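What follows is one structure encoded as structure tokens, with my remarks underneath.
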Amino acid sequence: MFPGPLGISLAGKALKEGVWSLDAVDIRRFARDRHGTVDDAPFGGGAGMVMKADVLSAAIEAAAPPGAPRLLMSPRGVPFSQARARALAAGPGVVVVCGRFEGVDERVIEAQALEEVAVGDFVLSGGEIAAMAVIDSCVRLLPGVMGEPSSANEESFEDGLLEYPHYTRPASWTGPDGIERRVPEILVSGNHGKVAAWRRQQREEITRRRRPDLWARRQAARTDEEK
Ligand code: SAH
């Protein structure tokens, strides 16, 4: 599966240039029998299979560079965030463990001090796609990966606000509904101060409406003076 989509576009170019590197470890290589068994039935019964502690732990040992955080992709983990992506991107690297089946033996999580991370309140069939999301969000923050370094700072979540709406040519466009839509006048005014103020107001409006949770957190974090 790897590098998969991480091998193309900006992340892929940076991978080829050596800005970042990826070492995909096949857990099956660490199986202890000739069938390459990595999973077994759950103690206590129930549906599905569980990834074996001994096999998975050996794979993690082989992968883990000392000092790197060890994440386990898991729907019951802490929600992944832009702040976490920034912290990881500034660090020495990361080990990302991808679960399969029903999940992994709980004892590996304890023994390897795995930090459970979720990419959303939904269930994937494996941790790989979640891992790609995590890795991609980190890679694009590495110096030299994004075209314009400034473009990461006004983005959604960077300061607790969602992004403002974007427009490009043509300035007037008639969609399939037959309605002509013009770009907001202020964006073609050439007045940078007004454009900035409009974008700011849009970001606040969109955040308040779509993500009351983000808005409340932001309001709570700000001093009375800033509000
Ligand atoms: N039985 C588990 C789901 C297992 S899904 C439960 O009910 O919670 C199989 C694997 O996919 C998991 O071990 C995990 O690595 C990955 N996965 C699924 N959903 C995920 C999510 N939202 N975030 C991160 N990883 C996820």
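Since we're looking at a predicted model, the values are computed, not measured. These values consider heavy atoms only, across backbone and side chains, with no hydrogens, waters or symmetry-generated copies. Whatever order the structure lists ligands and atoms in, that order sets their numbers, starting from 1.
For Arg199, there are no salt bridge (Lys or Arg N to Asp or Glu O under 4.0 Å) partners, not counting sequence neighbours. For Glu116, the side chain to side chain donor-acceptor pair (under 3.5 Å) criterion is met by Ser74, Arg76, not counting sequence neighbours.
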Report all side-chain donor-acceptor pairs from residues 122-131 shorter than 3.5 Å, counting only partners two or more places apart or in another chain.
unit_1	atom_1	unit_2	atom_2	d
Glu128	OE1	Arg100	NE	3.2
Glu128	OE1	Arg100	NH2	2.9
Glu128	OE2	Arg100	NE	3.3

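A side-chain contact (heavy atoms from CB on, under 4.5 Å) with Glu185 is found for exactly one of Val188, Leu187, Val183, namely Val188.
Contact shell of ligand 1 (protein heavy atoms, cutoff 4.0 Å): Met73, Ser74, Pro75, Gly99, Phe101, Glu102, Gly103, Val117, Ala118, Val119, Gly120, Phe122, Val123, Leu124, Ser125, Gly126, Gly127, Ala130.
Ionic pairing of Arg107 and Asp105 is present here: one or more N-O contacts between side-chain nitrogen and carboxylate oxygen are shorter than 4.0 angstrom.
Side-chain atoms of Gln112 and Ser57 include a donor-acceptor pair closer than 3.5 Å.
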